[in-house]
Amino acid sequence: MSSIFEPEIIEVMEHSKSGQGKPTASLSTTEKEEIDREFSHYEDKGSVGLEALRIVQKHRGWVSDESLHAVSAYLDIPVAQLESVATYFQLIFRQPVGKEVIFLCKSASCWIMGCNRLQEKIQNKLQIKPGETTEDGIFTLLETPCLGDCDKAPVMMVGEEMHRNLTEADIDEILDNKANINRAEGCRHNHAEGSRHADKSAD
Ligand code: FES
């Protein structure tokens, strides 16, 4: 499984300034700059918490305990407060996920319109159950309550893209496209890495 972490993030273990005695991974300069920019949009530090978690997740793929403590220390807000924000907003991942997270709506309208059939299709195609990630690290499947598009049920989100009025054929097309894009990106990344190593050995 290829890394979902940006190379610039260097994990430096330090003692948490939040006073809760947990080791914490430092935030990168980029993460701090992006969090600082959010301050201009919010009145108090507490409100920036969710955005700060989103920023960390964007760079690291998910929010580990260490990352949570790092945000807590940086914003000087309690870990428990951030933890409850992370728990409430299901788009904050507290464990590693695949590059593409599938949110399949399981609420009433989508259930009436056949989301169970679609779920079976996804599970068979990817060989995973809800909460699991494919072996190649590309897809994670999650069930979710109403996504707010009930009149276009059944509905699912893949990453930040909403897919509506879904059929089983759509599932094939969407997931095949995503898999191809991710594999192509993986190949480009490996090729670039190979060239870098070749350049180094030629020096
Ligand atoms: S029930 Fe699925 S979007 Fe509302």
Side-chain angles (χ1 to χ4, degrees), residues 1-2 4 34-35 37-38 41-43 46-65 67-68 71 80-186:
M1 177 175 164
S2 56
I4 50 179
E34 289 182 24
I35 291 170
R37 271 201 293 279
E38 288 300 323
H41 305 304
Y42 293 92
E43 282 179 9
S47 318
V48 181
L50 175 60
E51 288 312 315
L53 294 177
R54 279 202 172 124
I55 287 165
V56 167
Q57 179 165 287
K58 181 180 79 180
H59 289 283
R60 305 178 184 209
W62 64 295
V63 180
S64 65
D65 285 349
S67 300
L68 196 81
V71 173
Q81 185 178 332
L82 281 176
E83 185 79 74
S84 62
V85 168
T87 307
Y88 184 76
F89 291 94
Q90 54 169 336
L91 294 181
I92 300 297
F93 306 127
R94 294 287 281 120
Q95 54 186 357
V97 290
K99 289 181 175 170
E100 306 285 352
V101 180
I102 303 166
F103 298 93
L104 182 67
C105 177
K106 296 299 298 283
S107 287
S109 300
C110 288
W111 183 76
I112 291 166
M113 296 305 287
C115 66
N116 283 351
R117 210 177 52 247
L118 297 181
Q119 179 167 350
E120 218 176 288
K121 168 81 184 173
I122 296 170
Q123 290 185 187
N124 288 338
K125 186 174 177 67
L126 301 179
Q127 291 295 298
I128 51 172
K129 295 195 180 105
E132 293 180 349
T133 298
T134 51
E135 267 181 27
D136 57 10
I138 296 181
F139 295 105
T140 296
L141 174 61
L142 298 176
E143 295 177 334
T144 184
C146 182
L147 289 168
D149 245 337
C150 315
D151 58 334
K152 297 183 183 68
V155 162
M156 75 174 179
M157 270 177 82
V158 181
E160 295 187 350
E161 290 168 16
M162 186 76 98
H163 298 276
R164 306 169 174 92
N165 299 313
L166 284 166
T167 64
E168 290 179 56
D170 293 333
I171 297 286
D172 275 327
E173 193 184 328
I174 293 162
L175 299 186
D176 288 347
N177 278 343
K178 288 287 180 193
N180 289 337
I181 290 168
N182 277 281
R183 285 184 192 125
E185 277 172 3

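Counting starts at 1 for both ligands and their atoms, in listed order.
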K.L.:
Less than 4.0 Å between a side-chain N and a carboxylate O, is that true for Asp151 and Arg164?
P.N.:
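Answer for the salt bridge query: no.
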K.L.:
Report the part of Cys105 (side chain from C-beta onward, or backbone N, CA, C, O) that has a heavy atom under 4.0 Å from ligand 1; answer both or neither where that applies.
P.N.:
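It is the side chain that gets close, since no backbone atom is under 4.0 Å.
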K.L.:
Using a strict threshold of under 4.0 Å (side-chain N to carboxylate O), is an ion pair present between Lys178 and Glu161?
P.N.:
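Salt bridge: yes.
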K.L.:
Please could you name the atoms of ligand 1 that Asp149 approaches to less than 4.0 Å, counting only its heavy atoms?
P.N.:
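In order of number, 3 (S).
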K.L.:
Quick test of your reading of the model: are Glu120 and Arg117 salt-bridged, counting only N-O distances below 4.0 Å?
P.N.:
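No, Glu120 and Arg117 are not salt-bridged.
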K.L.:
Is there an N/O/S atom in Cys146 that lies less than 2.8 Å from atom 2 (Fe) of ligand 1?
P.N.:
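No, Cys146 does not qualify, because none of its backbone or side-chain N, O or S atoms lies under 2.8 Å.
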K.L.:
Nearest non-hydrogen contact with atom 1 (S) of ligand 1 belongs to which option: Ser107, Ala153, Cys115, Pro154?
P.N.:
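Going through Ser107, Ala153, Cys115, Pro154 one by one, Ser107 has the nearest heavy atom to atom 1 (S) of ligand 1.
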K.L.:
Does any N, O or S atom of Cys150, backbone or side chain, fall under 2.8 Å from atom 4 (Fe) of ligand 1?
P.N.:
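A backbone or side-chain N, O or S atom of Cys150 is under 2.8 Å from atom 4 (Fe) of ligand 1.
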K.L.:
Using a 4.0 Å cut-off to any heavy atom of Gly148, which atoms of ligand 1 qualify?
P.N.:
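Numbered from 1, ligand 1 contributes 3 (S).
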K.L.:
With sequence neighbours excluded, what pairs up with Glu132 under the salt bridge (Lys or Arg N to Asp or Glu O under 4.0 Å) test?
P.N.:
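Scan of Glu132 (salt bridge (Lys or Arg N to Asp or Glu O under 4.0 Å), adjacent residues dropped) gives none.
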K.L.:
Taking 4.0 angstrom as the limit and counting only heavy atoms of Ser109, give me the atoms of ligand 1 inside it, by number and element.
P.N.:
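Those qualifying, in numeric order: 1 (S).
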K.L.:
Side-chain donor-acceptor pair under 3.5 Å between Glu143 and Gln119, yes or no?
P.N.:
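There is such a pair between these side chains.
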K.L.:
Please list, in number order, the atoms of ligand 1 under 4.0 Å from a heavy atom of Leu147.
P.N.:
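Counting atoms of ligand 1 from 1, those under 4.0 Å from Leu147 are 3 (S).
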K.L.:
Would His59 and Glu34 count as having a side-chain donor-acceptor pair, cut-off 3.5 Å?
P.N.:
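Yes, because at least one side-chain N or O of His59 sits under 3.5 Å from a partner of the opposite role on Glu34.
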